[in-house]
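Accompanying notes for the structure given below.
Chain identifiers are assigned alphabetically (A, B, ...) following the order of the sequence lines, protein sequences preceding nucleic acid strands; residue numbering begins at 1 within each chain. Values below: every heavy atom of this structure, side chains too, minus hydrogens, waters and symmetry copies. Predicted, not measured: the structure shown is a model, and the values here were computed from it.
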Amino acid sequence: MPKDGFVTSIARQSDDFAGWYNDVVRKAELADYSPVRGCMIIRPYGYAIWESMRDELDRHIKASGHSNVYFPLFVPRSLLEKEAEHVEGFDPQVAWVTHAGGEALSEWLAIRPTSEALIAESVRDWIQSYRDLPLLMNLWNNVVRWELRTRLFLRTAEFLWQEAHTFHATEDEAADEVATGLDCYRAVAQDWLAIPVVRGVKSRAETFPGAVYTWAIEAMMRDRRALQAGTSHMLGQNFARAAGIEFLDRDNVRRHPYGTSWGFSTRMVGATIMAHGDDAGLVLPPNVAPLQVVIVPIFRREEERVAVMAAVERVAASLAGVRTASGPLRLRVDERDETPGFKYNHWELRGVPFRLELGPRDAAADQAVLVRRVDRAKETLPLAALPDELPRRLADYQAALFERAVGFQEANTHRVETLYEFRATLEEQGGFLLAPWCGDAACEARVNAETGATIRVIPFDEPAEAGRCLVDGAPSERRALFARAY
RNA sequence: CGGGGUGUGGCGUAGUGGCUAACGCACGUGCUUUGGGAGCACGAGAUCGUGGGUUCGAAUCCCACCGCCCCGACCA
């Protein structure tokens with residue numbers, strides 16, 4: 001069926017990126033649709049990827065002093081409505097429980113779209129003195145936002161995430177916390193998922209409802225579109241004031257604490273797929289890959305089978321105690337009664353970083369052929385070398401994927417000066433566009449209306465640069481990062 | 001919610017008023033196979049989205065409803 005023998009059961013990435021993405025998610029058995037529109041069933045292989053990034057992020061969150069907690073799924077309507085901007089921002093997306101126990105509820109219950117309001121209300125009594133601060137909490141939970149258009153992992157009506165909620169005595173301390181949250185995300189994205197990110201502050205239009213400002217990391221997918229990969233919000237005193245939280249400070253003055261919140265969701269599974277995948281399917285960084293190495297035994301006759309399986313068992317035993325950057329080596333021997341070609345395609349589609357082919361010739365020579373998923377490069381290695389070589393190869397592979405992604409992002413980031421140039425570059429090349437912007441929301445809206453691109457962030461790593469706004473020519477101090485986004 | 005599509009075994013499709021609804025993939029059993037998605041044989045699997053109507057006869061025509069997909073507005 002396939003002319004060149006390689007994976008052909010999925011749409012080509014270059015022809016139809018959206019079709020490719022869907023095929024990969026379904027055929028690599030990451031997720032499925034559910035009986036409820038827009039909701040997602042996460043299958044074992046997809047959930048293992050999520051667990052890996054979740055656990056890594058959890059380590060960062062705990063290492064920076066936060067404790068995991070739990071707050072309920074339901075938020076009384078009156079409570080959600082306390083912070084005016086917040087309710088306005090979320091209202092269209094909230095799912096409500098109106099009946100329970102066969103009777104209409106006297107007050108509707110929101111299924112949490114996020115937990116700021118509930119938490120602010122709940123911690124009021126916990127915060128009496130500056131000595132009760134900072135309060136550093138994190139929730140792993142699910143939230144519901146009734147999206148009109150959904151895509152597996154990227155935008156589902158219900159999704160899994162982590163939401164950190166913190167309260168501080170001073171604005172400076174809260175500001176530091178916003179940076180801490182964003183840095184957790186940067187670390188996981190870059191070091192674990194091998195996805196380079198641009199850090200920056202959101203424009204007013206893109207700021208979280210109820211926040212004073214929002215920081216974010218943005219990543220580039222292989223179709224050159226942007227994906228918001230994590231956000232960290234300075235809530236100021238907004239929610240504390242709405243909920244009436246006050247503490248007595250050192251100087252015997254009652255004050256509202258300053259809050260932050262930050263979130264990272266199952267959307268990052270989608271980001272990992274779209275940042276690294278290719279026409280053959282998933283390409284997973286070794287740190288998140290549920291399987292890092294698959295051994296494919298190859299034989300014809302019975303005596304070959306015996307010899308090959310003996311060698312396979314020796315290799316597997318020699319690799320049993322091997323550790324990698326993300327824990328014990330995750331290895332599987334594919335003993336299914338299928339042809340080798342079938343297995344190659346099967347595991348390439350699933351993005352396993354390395355496969356080890358071991359046939360009669362290899363068994364006789366105490367060697368195996370190691371094939372790298374990302375470029376199918378092959379090398380023959382002595383079996384005895386594998387316990388030392390595999391962890392090194394996996395680390396190199398992780399680094400190479402990151403470098404490749406950095407190169408791709410740099411090659412597709414363009415500096416433009418005028419709206420004309422902006423439009424032409426976006427049409428012809430896509431990608432990230434760094435353009436001078438005066439800060440006026442009307443200019444931002446006009447770019448969006450004319451090109452479909454939005455301001456992703458005003459990047460921290462771009463130096464201040466006097467210029468003229470790409471839309472109205474007004475003086476600008478910095479460049480904003482624009483892109484078409486998910 | 002506006003515009004455009006579409007609904008037939010698990011998946012992808014054919015069938016557009018007439019016999020027992022057809023084909024490919026996938027699935028089960030057996031034999032032969034196995035270094036890039038193996039072959040043959042036999043087999044199981046379908047209230048044709050739902051309800052109503054027209055007709056001697058409906059997967060096919062009509063009406064209503066429901067679901068899903070794509071494009072827009074909302075968004076982690």
Side-chain angles (χ1 to χ4, degrees), chain A residues 1-10 16 18-19 22-23 26-27 32-38 40 88-94 112-114 141-163 185 202 205-209 214 216-219 226-233 261-271 280-281 296-302 304-305 308 334-349 355-363 367-369 371 376 378 380 448-449 452 454 456 485-486:
Chain A
M1 163 183 59
K3 206 164 129 196
D4 57 5
F6 297 138
V7 173
T8 55
S9 56
I10 57 176
D16 174 13
N22 253 319
D23 284 348
R26 303 294 300 287
K27 295 195 171 152
D32 234 327
Y33 297 107
S34 85
V36 177
R37 185 198 64 82
M40 168 174 66
E88 193 188 332
F90 276 103
D91 198 47
Q93 292 180 266
V94 174
R112 63 181 163 216
T114 181
N141 64 15
N142 57 341
V143 291
V144 169
R145 299 182 187 177
W146 217 251
E147 301 286 352
L148 298 175
R149 289 193 62 200
T150 59
R151 293 187 68 187
L152 295 169
F153 288 113
L154 298 178
R155 187 172 300 108
T156 44
E158 177 196 19
F159 57 90
L160 307 183
W161 75 342
Q162 146 282 326
E163 43 176 327
Y185 299 155
K202 288 279 177 185
E206 302 276 335
T207 297
F208 179 79
T214 292
I217 54 174
E218 292 284 328
L227 183 81
Q228 179 171 300
T231 49
S232 185
H233 314 292
S261 67
W262 27 288
F264 174 108
S265 73
T266 37
R267 163 178 271 197
M268 284 306 281
V269 176
V296 178
I298 302 162
F299 48 79
R300 290 191 177 83
R301 301 188 306 276
E302 175 60 15
E304 288 176 341
R305 188 189 69 80
V308 165
D334 189 348
E335 297 187 68
R336 292 176 298 169
D337 183 20
E338 300 285 357
T339 63
F342 179 91
K343 294 176 184 178
Y344 299 165
N345 284 288
H346 179 91
W347 296 113
E348 283 182 7
L349 174 60
R355 76 164 173 267
L356 198 63
E357 306 176 6
L358 209 161
R361 295 195 298 272
D362 301 310
Q367 64 182 31
V369 179
V371 185
R376 295 197 181 90
K378 295 190 178 190
T380 303
N448 181 232
T454 50
R456 305 316 308 156
Y486 280 96

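Note on A:Val369: a base of the nucleic acid sits closer than 4.0 angstrom, heavy atoms only. Here A:Gly359 lies in heavy-atom contact (under 4.0 Å) with a base. A:Thr156 comes within 4.0 angstrom of a nucleotide base, judged by non-hydrogen atoms across all strands. As judged by a 4.0 angstrom heavy-atom cut-off over every strand, A:Arg355 is placed among the base-contacting residues. Residue A:Gln228 is classed as a sugar-phosphate contact, given heavy-atom separations below 4.0 Å to backbone atoms only. A:Ser265 comes within 4.0 angstrom of a nucleotide base, judged by non-hydrogen atoms across all strands. Heavy atoms of A:Glu147 sit under 4.0 angstrom from at least one base atom. Within the nucleic acid shown, A:Leu227 has no heavy atom closer than 4.0 Å to any nucleic acid atom.
Distance, A:Glu357 CD to B:G37 P: 12 Å, rounded to whole Å. Here the C1' atom of nucleotide B:A76 and the CG atom of A:Leu152 are 15 Å apart, to the nearest Å. Across the protein-nucleic acid pair, A:Arg336 atom CZ and B:C27 atom P stand 10 Å apart, rounded to whole Å. For the pair A:Arg305 CZ and B:U34 P, the computed distance is 15 Å after rounding to whole Å. Atom CD of A:Gln93 is separated from atom P of B:C1 by 17 Å (rounded to the nearest Å). The separation between A:Phe264 atom CZ and B:A76 atom C1' is 11 Å, rounded to whole Å. Between the CZ atom of A:Arg376 and the C1' atom of B:G35 there is a distance of 15 Å, given to the nearest Å. To the nearest angstrom, P of B:G36 lies 6 Å from OH of A:Tyr344.
Residues A:Phe90 and A:Phe208 meet the side-chain proximity criterion, which asks for heavy atoms closer than 4.5 Å. Between A:Leu154 and A:Leu227, some side-chain heavy-atom pair lies under the 4.5 Å cut-off. Using a 4.5 Å heavy-atom cutoff, the side chains of A:Asp334 and A:Arg355 are not in contact. Side-chain contact between A:Tyr185 and A:Met268 is absent, with no heavy atoms from C-beta onward closer than 4.5 Å.
Two residues, A:Val371 and A:Arg145, neighbour RNA chain B, and the one matched to the more 5' nucleotide by heavy-atom proximity is A:Val371. The residue among A:Tyr486 and A:Lys343 whose nearest nucleotide of RNA chain B lies closer to the 5′ end is A:Lys343.
Minimum atom distance to the side chain of A:Tyr33 is reached by B:C69, of the listed B:C69, B:U34, B:G35. Residue A:Asn22 places its side chain closer to B:C70 than to any other of B:C70, B:A76, B:U34. Ranking B:C69, B:C74, B:G35 by closeness to the A:Pro360 side chain, first place goes to B:G35. The side chain of A:His346 lies closest to B:G37, out of B:C69, B:U34, B:G37.
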Given A:Arg26 and A:Asp32, is the side-chain contact (heavy atoms from CB on, under 4.5 Å) satisfied, shown in steps?
CA-CA 6 Å; A:Arg26 303 294 300 287; A:Asp32 234 327; 3.1 Å; yes
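Going from the C1' atom of B:G12 to that of B:A73 covers 33 Å, rounded to whole Å. Comparing B:A21 with B:G53, their C1' atoms sit 23 Å apart, to the nearest whole Å. For the C1' atoms, the distance from B:C31 to B:G35 is 23 Å, rounded to whole Å. To the nearest whole angstrom, the two P atoms, one in B:C48 and one in B:G2, are 31 Å apart. Nucleotides B:G17 and B:U54 have their C1' atoms positioned 12 Å apart, rounded to a whole Å. For B:U47 and B:G51, the P atoms lie 12 Å apart once the distance is rounded to whole Å. Across B:G5 and B:A46, the matching C1' atoms stand 25 Å from one another, rounded to whole Å. Taking atom P in both B:G24 and B:G43, the straight-line distance is 14 Å, to the nearest Å.
Under the side-chain hydrogen bond (donor to acceptor under 3.5 Å, both in side chains) criterion, A:Glu304 pairs with no residue, sequence neighbours left out. Residues forming a ring-ring contact (aromatic ring centres under 6.0 Å, His included) with A:Trp347 (at least two apart in sequence, or on another chain): none. A:Ser232 is linked by a side-chain hydrogen bond (donor to acceptor under 3.5 Å, both in side chains) to nothing, counting only residues two or more places apart in sequence or in another chain. Applying the side chain to side chain contact (heavy atoms under 4.5 Å, CB included) criterion to A:Glu206, with sequence neighbours excluded, gives A:Lys202, A:Ser203, A:Glu444, A:Thr454, A:Arg456. For A:Arg376, the salt bridge (Lys or Arg N to Asp or Glu O under 4.0 Å) test picks out A:Glu348, with sequence neighbours left out. Considering only residues two or more places apart in sequence or on other chains, A:Glu147 meets the side chain to side chain contact (heavy atoms under 4.5 Å, CB included) condition with A:Gln93, A:Arg145, A:Thr150, A:Arg155. Listed by chain and number, the residues in a side chain to side chain contact (heavy atoms under 4.5 Å, CB included) with A:Ser265 are A:Phe159, A:Trp161, A:Arg267 (sequence neighbours excluded).
Side-chain to base pairing of A:Arg300 with B:G35: no donor and acceptor N or O lie closer than 3.5 Å to each other.
Stems are defined here as 3 or more consecutive Watson-Crick or G-U wobble pairs with pairing distances under 3.5 Å; those involving RNA chain B are B:1-7 with B:66-72, B:10-13 with B:22-25, B:27-32 with B:38-43, B:49-53 with B:61-65.
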Under 3.5 Å, which N/O atoms of the protein pair with N/O atoms of nucleotides 38-44 of chain B?
residue	atom	partner	partner atom	Å
B:A38	OP1	A:Thr339	OG1	3.3
B:A38	OP2	A:Thr339	OG1	2.4

